[in-house]
2 protein chains.
Amino acid sequence: MTTSRSGGPDQRRGERGDLLDPLCPTRRLLDRIGTKWTSMVVKVLAEHAPGELRFAELRRLAPGISQKMLSVTLQSLARDGLVARRVEPTVPPAVHYRLTALGLSLEEPLAALRGWAETHMPEIDRNNQLAGESSPA
Amino acid sequence: MTTSRSGGPDQRRGERGDLLDPLCPTRRLLDRIGTKWTSMVVKVLAEHAPGELRFAELRRLAPGISQKMLSVTLQSLARDGLVARRVEPTVPPAVHYRLTALGLSLEEPLAALRGWAETHMPEIDRNNQLAGESSPA
DNA sequence: CAGAATCCACGAGGATACTG
DNA sequence: CAGTATCCTCGTGGATTCTG
């Protein structure tokens with residue numbers, strides 16, 4: 001996770017399908033969904049699609065997330081066009097979030113990855129047992 | 001990417017399929033393949049499967065990667081059981097890497113994610129143009 | 001050739017406090 | 001309620017140097 005989101009004009013290069021470019025689309029996608037909470041937020045929103053969720057509801061549904069990181073994550077997803085924000089102009093304000101069509105389309109490969117993770121992470125864990133990750137602390 | 005690889009015994013919790021747990025398998029998988037070079041290395045190895053690649057070859061095929069990060073990335077993948085290491089006991093030594101069956105199985109969802117990235121990252125980039133990520137530098 | 005070791009910069013993200 | 005602002009910690013990863 002080195003590539004900064006605000007990182008200027010160089011990111012345009014990745015658009016030609018050069019997958020070996022460090023700025024290839026896959027790398028840049030992983031810079032997004034690889035952040036700590038993004039995949040969870042997307043998943044929660046996907047489970048409630050096409051309905052909407054409010055900020056506080058998302059907080060409850062993503063246990064452990066800080067209010068700052070939920071805010072930052074949602075802003076990032078909104079700027080990417082993966083989620084849509086709808087503000088109810090009441091006081092206090094009520095803000096609703098939902099996945100866009102683009103966001104929903106991402107759910108498919110993401111679900112595949114989740115499936116793999118649920119199936120094979122235990123095996124990866126076992127492999128790490130066999131190798132020594134014993135007690136370096 | 002907060003969760004440390006060497007981080008002790010807490011990672012065992014994610015094994016029961018609680019996807020809302022911050023330590024859920026998906027999050028932990030993304031902690032692995034989300035590191036800067038892992039997905040690229042896996043892809044390069046996958047393209048040459050079932051053949052093997054040497055350290056120096058991998059360096060050439062993954063432009064921009066430092067020798068340290070290639071080493072670290074390969075070690076991590078080896079400990080996870082996603083790649084296999086074969087050392088030719090010559091001098092100087094020749095080390096060959098290839099994806100294991102487990103690693104190859106990961107290639108499938110990973111390829112799906114790549115496909116999505118190639119298709120939709122341009123749209124995400126356009127969305128970011130519309131929103132102002134103008135010139136904060 | 002294939003690394004291990006060391007040093008260091010930077011950015012993700014947690015905790016806390018404040019606001020419209 | 002739904003954020004924003006600030007401070008601070010710590011892990012990722014780059015550069016460099018040394019070794020079997």
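No hydrogens, no waters, no symmetry mates; every other heavy atom, side chains included, goes into these values. In what follows, chains are A, B, ... by sequence order, proteins preceding strands, each numbered from 1. Here the structure is a predicted model, which means the values were calculated and not measured.
- A straight line from CE of B:M69 to P of C:dG3 spans 14 Å, rounded to a whole angstrom.
- A straight line from CD1 of A:I65 to C1' of D:dG3 spans 13 Å, rounded to a whole angstrom.
- In this structure, CZ of B:R85 is placed 12 Å from C1' of C:dA4, rounded to the nearest angstrom.
- Checked against side-chain hydrogen bond (donor to acceptor under 3.5 Å, both in side chains), A:T73 has no partners two or more places apart in sequence or in another chain.
- Under the rule for a side chain to side chain contact (heavy atoms under 4.5 Å, CB included), the partners of B:R60 that lie at least two apart in sequence or sit in another chain are B:E57.
- By the side-chain hydrogen bond (donor to acceptor under 3.5 Å, both in side chains) test, B:S105 is found to be paired with A:W116, residues two or more places apart in sequence or in another chain being considered.
- The phosphate of C:dG3 has OP1 or OP2 within less than 4.0 Å of a side-chain N or O from B:Y97.
- Overall, the helix from C:dC1-D:dG20 to C:dG20-D:dC1 carries an axis bend of 50° between its ends, with five pairs at each end and the value rounded to 10°.
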Between the protein and nucleotides 16-20 of chain D, which nitrogen or oxygen pairs come in under 3.5 angstrom?
none

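- Phosphate proximity of C:dA2 to B:R54: present, with a side-chain N or O under 4.0 Å from OP1 or OP2.
- Checking the phosphate oxygens (OP1, OP2) of D:dT4, a side-chain nitrogen or oxygen of A:S71 falls inside 4.0 Å.
- Between A:R86 atom CZ and D:dA2 atom P the separation is 12 Å, expressed in whole Å.
- Distance CD (B:Q75) to C1' (C:dA2): 11 Å, rounded to an integer number of Å.
- For the pair B:L74 CG and C:dA2 C1', the computed distance is 11 Å after rounding to whole Å.
- Residues satisfying the side chain to side chain contact (heavy atoms under 4.5 Å, CB included) test with B:T119, not counting sequence neighbours, are none.
- B:E52 meets the side chain to side chain contact (heavy atoms under 4.5 Å, CB included) test with B:R86, B:H96, B:R98; sequence neighbours excluded.
- The CZ atom of A:R32 sits 12 Å away from the P atom of C:dA12 (whole-angstrom rounding).
- Remark: side-chain polar atoms of A:R27 are paired, donor with acceptor, to backbone N or O of B:G34 under 3.5 angstrom.
- Listed by chain and number, the residues in a side-chain hydrogen bond (donor to acceptor under 3.5 Å, both in side chains) with B:R54 amount to none (sequence neighbours excluded).
- Across the protein-nucleic acid pair, A:F55 atom CZ and D:dA2 atom P stand 8 Å apart, rounded to whole Å.
- A donor-acceptor pair under 3.5 Å is absent between the side-chain atoms of B:T100 and the main chain of B:A84, judged by distance alone.
- In this view, B:A111 and B:E107, B:R114 satisfy the side chain to side chain contact (heavy atoms under 4.5 Å, CB included) rule, not counting sequence neighbours.
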